[in-house]
**Q** 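Let me begin by handing over the structure; questions about it come next.
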Amino acid sequence: MSNDQKKVWITGASSGIGKAVAEKFAKENWKVAISARRENLLNEMAKNENIFAYPTDVTDSNKTQETFNKILKDFQDIDLCIFSSGTYERKSEKGLSVENVKTVMEVNFLGVVGCVKAVQEYFQNKKNGHISIVSSPVGYRGLPKSSGYTASKASLNNFTQGIYFDFKKFNVRVSLISPGFIKTALTDKNEFKMPFLKDTNYAAEKIYNGLINKKSFEIIFPPQIAFIYKIFQILPNKVYNFLVNKFVNR
Ligand SMILES: NC(=O)c1ccc[n+]([C@@H]2O[C@H](COP(=O)([O-])OP(=O)(O)OC[C@H]3O[C@@H](n4cnc5c(N)ncnc54)[C@H](OP(=O)(O)O)[C@@H]3O)[C@@H](O)[C@H]2O)c1
């Protein structure tokens with residue numbers, strides 16, 4: 001391993017998109033710190049010589065800070081953070097469960113806020129680096145049967161755009177990752193046919209390319225989903241509500 005190796009911290013890396021992204025970065029010879037709660041899965045991944053396991057629960061902001069401090073001590077430097085932890089319970093989303101909304105907000109929104117807080121001082125002092133947040137285009141506007149998840153992603157989209165400006169002053173890039181439907185344990189809970197469903201390797205390629213070879217704020221894929229959601233974003237309420245009611249609200 002050479003000393004000029006680039007270094008990345010990825011949360012939500014024990015499965016799905018985060019795992020595929022971690023493996024892609026490792027393949028590209030980055031030194032990769034991975035975090036999530038399931039230690040056994042992280043240790044399995046850490047058999048790769050470029051991957052190192054740092055278990056954490058993002059709902060505990062003190063633990064998140066300790067985890068980042070430990071990574072920094074071991075790695076000496078971090079170039080990029082990708083925060084991909086998230087949760088979704090299709091069944092609980094259909095009703096209006098305060099408990100579900102709390103859990104989803106704690107993981108998907110406050111969990112990511114805790115991660116950004118953990119790295120804030122480091123990046124602002126370093127005056128360089130990149131923080132990227134995995135959210136979702138479903139956060140653009142309200143959708144039926146999604147009482148917590150879309151609200152958590154709407155918060156995350158707004159938060160990410162806000163901190164883009166705050167970190168830009170310190171020469172730190174902030175970007176937003178908006179995947180369409182990707183086949184993972186999270187989407188396996190959906191009983192409906194997911195349009196333009198892609199696998200995690202596709203997502204990892206798109207994310208790597210967007211983070212490393214492009215400079216745009218948002219990395220959104222696949223192109224069909226980008227097109228549909230960008231139209232959704234600008235439609236007047238009357239048209240949007242009519243279309244969602246007719247085609248989604250069944
Ligand atoms: N799949 C899609 O179609 C899709 C589309 C748009 C956005 N997304 C977003 O992409 C991200 C990854 O989702 P995925 O589809 O890859 O699902 P996944 O396979 O279920 O991955 C979720 C990851 O988050 C981690 N996680 C959950 N709660 C955590 C906690 N409290 N502390 C630390 N880590 C936690 C999980 O690990 P542990 O259980 O080991 O903690 C796992 O590694 C999520 O933010 C999701 O909202 C997914």
Side-chain angles (χ1 to χ4, degrees), residues 9-24 32-46 51 53-68 81-90 93 100 102-116 118 132-140 143 146 148-157 159-160 176-190 192-204 206-207 210 218-222 224-226 228-229:
W9 177 31
I10 305 174
T11 66
S14 62
S15 64
I17 296 172
K19 178 180 180 181
V21 170
E23 286 168 348
K24 170 68 183 168
V32 185
I34 52 169
S35 295
R37 292 164 304 173
R38 287 170 293 175
E39 214 169 327
N40 55 330
L41 297 183
L42 299 180
N43 289 339
E44 193 57 36
M45 289 173 68
I51 299 183
Y54 293 88
T56 205
D57 184 334
V58 296
T59 60
D60 179 342
S61 56
N62 292 330
K63 191 143 194 264
T64 304
Q65 184 70 64
E66 277 170 29
T67 305
F68 178 64
C81 291
I82 305 170
F83 298 134
S84 184
S85 49
T87 188
Y88 167 67
E89 280 304 331
R90 173 83 181 151
E93 288 283 324
N100 175 59
K102 266 191 193 164
T103 305
V104 170
M105 290 301 282
E106 270 166 17
V107 179
N108 294 7
F109 180 55
L110 293 173
V112 175
V113 173
C115 290
V116 172
S132 192
I133 292 175
V134 180
S135 187
S136 169
V138 300
Y140 290 171
L143 282 166
S146 183
Y149 185 78
T150 53
S152 74
K153 294 300 184 181
S155 307
L156 207 48
N157 288 347
F159 170 76
T160 307
L176 179 73
I177 299 173
S178 304
F181 290 108
I182 308 299
K183 189 171 168 30
T184 65
L186 190 139
T187 47
D188 283 347
K189 294 166 191 164
N190 287 336
F192 58 89
K193 188 173 181 304
M194 290 173 273
F196 313 111
L197 184 67
K198 301 286 180 192
D199 65 22
T200 53
N201 289 332
Y202 171 90
K206 289 285 178 190
I207 292 170
E218 186 177 22
I219 299 159
I220 178 166
F221 54 85
Q224 299 93 324
I225 287 285
I228 293 167
Y229 274 96

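Counting convention: from 1, in listed order, for ligands and their atoms alike. Values reported hereafter were calculated over all heavy atoms of this structure, with side chains retained and with hydrogens, waters and symmetry mates removed.
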**Q** Between Ala22 and Ile10, which heavy-atom pair has the shortest distance, and what is it?
**A** CA-CD1, 3.5 Å
**Q** Is it the case that more than 12 heavy atoms not belonging to Lys24 sit under 6.0 Å from its NZ atom?
**A** yes
**Q** With Tyr88 as reference, evaluate Asn190, Thr184, Thr150 under the side chain to side chain donor-acceptor pair (under 3.5 Å) test and give the passing residue.
**A** Asn190
**Q** Answer yes or no: is there a donor N or O on one side and an acceptor on the other, between the side chain of Glu106 and the main chain of Gly111, under 3.5 Å?
**A** no
**Q** Check this for me: Lys102, atom NZ, are more than 12 non-hydrogen atoms of other residues, nucleotides or ligands nearer than 6.0 Å?
**A** no
**Q** With a 4.5 Å heavy-atom cut-off, do Tyr202 and Lys183 have their side chains touching?
**A** no
**Q** What residues come within 4.0 Å of ligand 1, counting heavy atoms only?
**A** Gly12, Ala13, Ser14, Ser15, Gly16, Ile17, Ala36, Arg37, Arg38, Thr56, Asp57, Val58, Thr59, Ser84, Ser85, Gly86, Val107, Val134, Ser135, Ser136, Tyr149, Lys153, Pro179, Gly180, Phe181, Ile182, Thr184, Leu186, Thr187
